[in-house]
Amino acid sequence: MASGKLRRRKKSLWSQTAPSARLAFGAFFIVLTGAIGMLPREIFGIAIAWPFAALWGAMGWGKVGLAIRPMILLLLFGLMQDIVSNAPLGCFAVINLAVYGLSAGFTQQTDGMRDAFVAVLGPVVMLLVALVLIWIFASVTSDHLVRSTPILASIITTGLVYLVGYRMFDLGRRPGEPPGQTT
């Protein structure tokens, strides 16, 4: 352009959406994934590893810092997971909230660091913590060591889906903005 002005990037519809709407959309997607996960998950006799969908919200929503609405949703999702999986009430709620707290803490400690290493390391660490917690709760409540392979397969599926759709759980926090301001 002759005027020498820089062209402004068009803002996407998602970037203009309010945090409450983003939270509601992410919660809907988690509920939808959980409802579909209650259907039989076998194709040609091969079991499909279903993701722990609430962990997507825990990792993504934690990036804005600690806020009450995401915590309430994660608590409710955890209780639903407990009921569906016949786990003692509170197991998945504790796991979801622990990952949420890790996400908030990790983001606070690495704020401003937007390199690929930090973007990949955070979710990997959080998913490994979730794996260990799920395995411990499952082993303790069943009075024997449970196989970790099915849990690991579901954690890997959770991570792969999060890698593709992590922006769906972005509540719109900008770098340097104080945590908890957007929800």
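Everything numeric here is computed off the predicted structure, so don't read it as measured data.
The ring pair (Phe, Tyr, Trp, His ring centres under 6.0 Å) contacts involving residues 125-153 comprise nothing, where partners must be two or more places apart or lie in separate chains.
Contact check for Thr158 versus Trp50: no side-chain heavy atoms found under the 4.5 Å cut-off. For the pair Leu102/Met59, no side-chain contact is recorded, criterion being any heavy-atom separation below 4.5 Å from C-beta on.
Put simply, CG on Asp82 and CD1 on Ile95 are 8.0 Å apart, with the number rounded to the nearest 0.5 Å. One distance of note links CG of Leu66 with CE of Met71; it measures 5.0 Å at 0.5 Å rounding. Considering OG of Ser148 and CD1 of Ile155, their distance stands at 11.5 Å, rounded to 0.5 Å. Interatomic distance, CH2 of Trp61 versus CG of Leu171, reported as 7.5 Å (0.5 Å rounding). How far CZ of Phe92 is from CD1 of Ile83: 12.5 Å, rounded to the nearest 0.5 Å. Separation of atoms CG (Leu152) and CD1 (Ile156) is listed at 4.0 Å; rounding is to 0.5 Å.
For Ile46, there are no side chain to side chain contact (heavy atoms under 4.5 Å, CB included) partners, not counting sequence neighbours. Taking the side chain to side chain contact (heavy atoms under 4.5 Å, CB included) definition, one finds that Leu76 meets it with Ile72, sequence neighbours left out. When the ring pair (Phe, Tyr, Trp, His ring centres under 6.0 Å) test is applied to Tyr166, no partner is found at least two apart in sequence or on another chain. Ser103 is linked by a side chain to side chain contact (heavy atoms under 4.5 Å, CB included) to Lys63, Thr107, Met126, counting only residues two or more places apart in sequence or in another chain. Qualifying side chain to side chain contact (heavy atoms under 4.5 Å, CB included) partners for Val120, counting only residues two or more places apart in sequence or in other chains: Val124.
Using cut-offs of 30° and 60° for the angle between ring planes, the Trp56 and Phe169 rings count as tilted.
Of the possible polar contacts, one joining the Ser139 side chain to the Val146 backbone as a donor-acceptor pair under 3.5 Å is found. Checked by atom type and distance alone, the side chain of Arg22 never pairs as donor or acceptor with a backbone atom of Met168 at under 3.5 Å.
Minimum heavy-atom separation, Leu74 to Gly57: CD2-C, 4.3 Å. The nearest pair of heavy atoms linking Pro123 to Tyr162 is CG-CE2, 4.0 Å. Annotation for Asn96 and Ala54: closest pair ND2-CB, 3.5 Å, computed over non-hydrogen atoms. For Val99 against Ala58, the heavy-atom pair with the smallest separation is CG1-CB, 3.8 Å. Here the shortest heavy-atom pairing between Ala93 and Leu75 reads CB-CD1, 3.6 Å.
Residues Leu145 and Leu133 share a hydrophobic cluster, clusters being chains of Ile/Leu/Val/Met/Phe/Trp/Tyr side chains in contact below 4.5 Å. Hydrophobic clustering, with ILVMFWY side chains joined whenever heavy atoms are under 4.5 angstrom apart, keeps Ile134 apart from Val84. In terms of hydrophobic clustering, with Ile, Leu, Val, Met, Phe, Trp and Tyr side chains grouped at heavy-atom distances under 4.5 Å, Leu55 and Phe25 are assigned to a common cluster. Cluster annotation: Leu127 is not connected to Val164 through the hydrophobic network of ILVMFWY side chains, with a link wherever side-chain heavy atoms come within less than 4.5 Å. Neither Leu32 nor Phe52 shares a network with the other; the hydrophobic side chains, linked directly or stepwise wherever heavy atoms of I, L, V, M, F, W or Y lie under 4.5 Å apart, form separate groups for each.
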Run the side chain to side chain contact (heavy atoms under 4.5 Å, CB included) check on Ser20 and Arg69 step by step: do they pass? CA-CA 9 Å; Ser20 294; Arg69 290 185 298 165; 2.9 Å; yes

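For CD1 of Ile43, the number of neighbouring non-hydrogen atoms (other residues, nucleotides, ligands) closer than 6.0 Å is 12 at most.
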